[in-house]
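Naming: A, B, ... by sequence-line order, numbering from 1 per chain.
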Protein chains: 2
Amino acid sequence: MNKLIENDCCSGLEGILLPKMFKALSDPNRVSILIRLAECCAPCSVSEVAECCPVDLSVVSRHLAILREAGILEAQKRGKEVYYTVCSRTLVNTLRRIADALESCCPVDADPEVN
Amino acid sequence: MNKLIENDCCSGLEGILLPKMFKALSDPNRVSILIRLAECCAPCSVSEVAECCPVDLSVVSRHLAILREAGILEAQKRGKEVYYTVCSRTLVNTLRRIADALESCCPVDADPEVN
DNA sequence: ATTACATTTGCATAGTGGCACAAACGAGAA
DNA sequence: TTCTCGTTTGTGCCACTATGCAAATGTAAT
């Protein structure tokens, strides 16, 4: 309880560093799904996405829903199928904003040998 | 099973999109801890960090270990105390690399109305 | 209407995660 | 050494999560 300056430089970090988004990406299968969709570069149906992980189709469906609710994917129904797409703009902007905030806050990695 | 081009544009996405890092940030208390350390801009002891969340000190200690093992924090023992610092450079670089890879892969948000 | 197919949802189960409390560990001070 | 303080670790509990399977829902074609 000496310094604890509580710098406000990382303005808004609380607003962007949302656990919900990270929780969505904390599962290996969900990450595989995201990579699959990113590499595909086009909307993919649930069945197509499911090829990337060794779990039941229903599980993939649930994972897709979690990613969608986290704002990482977008769903679009077309006929019998549901096509999922990566919300890349949102995702990229969020990651960059977090990086910027962290960088402005801890400029030079808060050199461990400061004092 | 028509196109599924499996573009390799997001080169190395599998290498950087590691669930371990996201898992570490998937808990609200751990995010609070990270923000606390980022705002502090200087090494903080476990007890100092613990002021930011309403859980037992032992729990904070475990959270710090998880963040450290994920490469997000760095620990440095000094006397009786252990001081934690944000590995901001690593973290920032990782976030930017993910953003870059995603962007190069899905340039214009993979416009949902393509075909 | 009936059928076929794609996806979602209900349910049960096994595994994981966060938590508090207590005990152990480690390092400096008396 | 003994004491004290800061941190870590062991343990048990409760909640949540991922999973598979089966049933339900929805949609297009016959």
Q.
From CD of Glu69(B) over to C1' of dT8(D), roughly how many Å is that when rounded to an integer?
A. 12 Å
**Q.** Contact state string [nucleotides 13-21 of chain C, B base, S sugar-phosphate only, - no protein heavy atom under 4.0 Å]
**A.** ----SSSBB
Q) Does any pair with a residue in residues 92-102 of chain A pass salt bridge (charged side-chain N to carboxylate O under 4.0 Å, His left out), and if so which ones, sequence neighbours excluded? A) Arg96(A)-Asp100(B), Arg96(A)-Glu103(B), Asp100(A)-Arg96(B)
Q: Considering non-hydrogen atoms only, spot the tightest contact between Ser47(B) and Leu57(B) and give its length.
A: CA-CD1, 4.0 Å
Q | Short side-chain N/O contact from Tyr83(B) to OP1 or OP2 of dT7(D), under 4.0 Å | A | no
Q) Less than 4.5 Å apart, any side-chain heavy atom of Val86(B) and any of Leu67(B)? A) no
(Q) Between C1' on dT9(C) and CG on Leu64(A), what's the gap in Å once rounded to a whole number? (A) 15 Å
Q. Is there a side-chain polar atom (N or O) of Ser61(A) under 4.0 Å from OP1 or OP2 of dT8(C)?
A. yes
Q) Okay, side chain of Arg68(B), backbone of Glu74(B): is any donor-acceptor separation there less than 3.5 Å? A) no
Q: Look at Tyr84(B) and dG6(D) and indicate whether a side-chain polar atom (N or O) is within less than 4.0 Å of OP1 or OP2.
A: no
Q: Figure out the CZ/P separation between Phe22(B) and dT17(D), and round it to whole Å.
A: 18 Å
Q. What integer distance in Å separates Glu51(B):CD from dT7(D):C1'?
A. 16 Å
Q) Considering the options Leu91(B), Leu64(B), Thr85(B), Val49(B), which one meets the side-chain contact (heavy atoms from CB on, under 4.5 Å) requirement together with Leu73(B)? A) Leu64(B)
N/O to N/O distances under 3.5 Å, protein versus nucleotides 25-30 of chain D:
none

